[in-house]
Amino acid sequence: MNMQSRNRTAADKADVSRITGGRRMRRNRRTDWARRMVREARLSANDLIWPLFLTEGVDVREPVTSMPGVERLSVDNAAKAAEEAVKLGIPAIALFPNTDAGLRDELGSEALNPQNLVCRACRAIKQAAPEVGIVTDVALDPYTSHGHDGVMAGATILNDETVARLVEQALVQVDAGADIIAPSDMMDGRVGAIREGLDDNGFEHAQIMSYSAKYASAFYGPFRDAIATNATLVGDKRTYQMDPANGAEALMEAELDIAEGADMIMVKPGMPYLDIIWRLKDAFGLPTFAYQVSGEYAMIQAAAQNGWIDGERAMVESLLAFRRAGADGVLTYFAPRAARMLRDGLI
Ligand code: PBG
């Protein structure tokens, strides 16, 4: 059926300039140089924090099956990764240990061992690459036989008893060379307790990056493979990690952490919680980081491997989205790949 037979008149061309009053948003998108001129969010290697998984042994690189492209590294190889971070201009790395099963117990005692995997890695990295910042995770889950972030009594995760141990854990870490203490456990009062512990022991310069809004998320699955807590985790973490339905509560969590002395705050996971990043940055203005967690990484990689999406473009788009949402930086397993692309002018 043509226009005529429907008895309507239509021009070949709509009179868009009249309709929009001359405004044409596409003008600024017409050429690559113009798009670069008006680009709002930018990405640089300075925005990346590279999380590394540690394992025992010498010259070990163990692929993490559910995170294609990510490996668990022995301490010597972690030191090499740190050197690579320096070369790529990545300011900081974050360490996560896959603790030997035999060293895990009910109380997570290995967390307090000054010779544990994380502490040995801190020393080796400080030696090999003193220019890179070391972020260490404070939480008991890589060390407990039940996989929870705290001490358990029956089915309950004890708050105050856990916090006392987290302070000790933070102290052995900074003693080994950690620069930024990142409590990811979500116990109440842990930031203040750690700040006090650090200050009382002469570590007033150690920074705290608090996982302020950490949600009880399904997106941590591959991480729990990487540090081998999936198999042992009893129940879930909903009595301490946040409900994914809540946003106002994140403001309260961040406010408390800041009052207790957090130097930087973090939102985790990343992409499903861009609104939270925006709200926290807007409300407090503190350096605010996003953690693009293991499941987010795995989804992009899996889809890319299947040829369902362009993995490289999806990576860049996801990282830019964090910057647009107000994040000052992103903890991401893509860090070395993105940094290489930035170095080569491909982003
Ligand atoms: C544990 C911790 C988790 C992650 C970082 N620290 C998982 C959890 O809470 O079970 C997740 C990171 C990721 O999924 O990439 N304290």
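Order of appearance sets the numbers: ligands from 1, and atoms from 1 within every ligand. Just so you know, these numbers use all the heavy atoms, side chains as well, and skip hydrogens, waters and symmetry mates.
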Worksheet entry | Carboxylate-amine/guanidinium contact R279 D275, below 4.0 Å | no

Worksheet item: Sequence neighbours excluded, which residues qualify as side-chain contact (heavy atoms from CB on, under 4.5 Å) partners of E62?
Response: T55, V60, R72

Worksheet entry | Sub-4.0 Å heavy-atom environment of ligand 1, residues by chain | F96, D137, A139, D141, D149, S184, K214, F219, Y220, F223, R224, K237, Q241, K268, Y291, V293, S294, Y333

Worksheet entry | Heavy atoms of other groups near M299 CE, more than 12 under 6.0 Å | yes

Discussion item. Suppose we call two aromatic rings close when their centres sit under 6.0 Å apart. Are F53 and F223 close by that rule?
Written reply: yes

Worksheet entry | salt bridge (charged side-chain N to carboxylate O under 4.0 Å, His left out) contacts in which one or both residues fall within residues 112-130, not counting sequence neighbours | E56-R120, K126-D179

Worksheet item: By the rule that ILVMFWY residues connect when side-chain heavy atoms come within less than 4.5 angstrom, directly or transitively, which residues belong alongside M37?
Response: W33, V38

